[in-house]
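Below is one structure, written out as structure tokens; the observations come after it.
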Amino acid sequence: MATNSWANGLVKTLKDPTTHIISSNLAAVIQDKYAKAKHHYLVLPFEDIPSIFNLTSQHISLLQEMHLLALNVIEVKGQTQDNFLIGFHNQPSMQRLHLHVISKDFVSDCLKTKKHWNSFNTALFLNYDDLIVQLNENNKVKRLDSVTIKELSNEDLKCNQCTYVAKNMPSLKQHLLEHYEKKKKKQ
Ligand code: AMP
Ligand code: ZN
């Protein structure tokens, strides 16, 4: 993982308490600066844990606290848990462990590439519950090999709400917007 100043952006944000949407003694929730959906938050621990690959089963109570903060921010924003993904990227790009809390609409101008989509909608995304299982069973998180990462990044653009497979990102984004607007009308 890179250690340049860009990769340290989350740590810089975390150091400024005015950016904390909610927090506890152990962790805080911030807004994702390039949100890939209508709601996209990150939960970061104050402890200097670089990534999921530094976790062991000893971190489970901290992770449970981070998960509680994830549920809290969903509630604070007046949303429901069913409409969210909560988990980690199997191949993180930014320093400091961060738990993604993202709404499943994926309606955002910042969602631009196939890689973005597949990083949340294939096995490149490690659900919180699955990470806990790995820590309980193996005391560490398994790294995906580079061939698997490449294959998953290049998977077809499958809609997360129906059987549609998009030819390209503009078609997928238009389709996701239609799902979003239909849901909004029903509410
Ligand atoms: P990951 O691929 O799991 O490392 O995701 C890093 C996340 O951090 C992405 O969703 C980015 O949009 C987000 N991000 C990048 N820089 C910042 C920043 N300075 N403040 C808040 N979020 C950021
Ligand atoms: Zn669909």
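Numbering starts at 1 and runs along the sequence shown. Whatever order the structure lists ligands and atoms in, that order sets their numbers, starting from 1. Both backbone and side-chain heavy atoms feed into the values below; hydrogens, waters and symmetry mates do not.
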### Task
Could you tell me how the ring of Tyr128 sits relative to the ring of His67: parallel (under 30°), tilted (30 to 60°) or perpendicular (over 60°)?
parallel
#### Entry: All pairs passing salt bridge (Lys or Arg N to Asp or Glu O under 4.0 Å) where residues 48-57 contributes a residue, at least two apart
Asp48-Arg96
### Query
Judged by non-hydrogen atoms, does Lys12 sit under 4.0 Å from ligand 1?
no
### Summary
Closest non-hydrogen atoms of Ser108 and Lys173, given as atom of the first, atom of the second and distance, are O-NZ, 2.7 Å
### Query
Do any protein N, O or S atoms sit under 2.8 Å from the Zn ion (ligand 2), and which ones are they?
Cys159 SG, Cys162 SG, His175 NE2, His179 NE2
### Task
Within a distance under 4.0 Å of any heavy atom of Gly9, pick out the atoms of ligand 1 and give their elements.
19 (N)
### Task
Please could you name the atoms of ligand 1 that Lys36 approaches to less than 4.0 Å, counting only its heavy atoms?
12 (O)
### Query
Looking at Ser93, which atoms of ligand 1 are within less than 4.0 Å of one of its heavy atoms?
1 (P), 2 (O), 4 (O)
### Distance filter under 4.0 Å to Pro92 heavy atoms, resulting ligand 1 atoms
4 (O)
### Task
Using a strict 4.0 Å cut-off to heavy atoms of His40, name the atoms of ligand 1 that fall inside it.
10 (O)
### Task
Indicate yes or no: does an N/O atom of Asp32 lie under 3.5 Å from an N/O atom of ligand 1?
yes
### Query
Would you say the side-chain atoms of Glu65 and Ser24 include a donor-acceptor pair closer than 3.5 Å?
yes
### Message
As a check for students: among Lys115, Lys33, Gln95, Met94, identify the option with a heavy atom nearest to atom 16 (N) of ligand 1.
### Response
Met94
### Query
Do His89 and Leu126 have side chains that get closer than 4.5 Å, going by heavy atoms?
no
### Query
For Lys112, what residues pass the salt bridge (charged side-chain N to carboxylate O under 4.0 Å, His left out) criterion, not counting sequence neighbours?
none
### Query
Short list, please: which atoms of ligand 1 are under 4.0 Å from a heavy atom of Thr13?
19 (N), 20 (N)
### Message
Once salt bridge (charged side-chain N to carboxylate O under 4.0 Å, His left out) is applied, do any residues pair with Glu155, and if so which ones, sequence neighbours excluded?
### Response
Lys158
### Task
Heavy-atom contacts with Leu42 under 4.0 Å: which atoms of ligand 1 show up? List them by number with element.
8 (O), 22 (N)
### Summary
Numbered in order shown, the ligand 1 atoms found under 4.0 Å of a heavy atom of Gln31 are 21 (C)
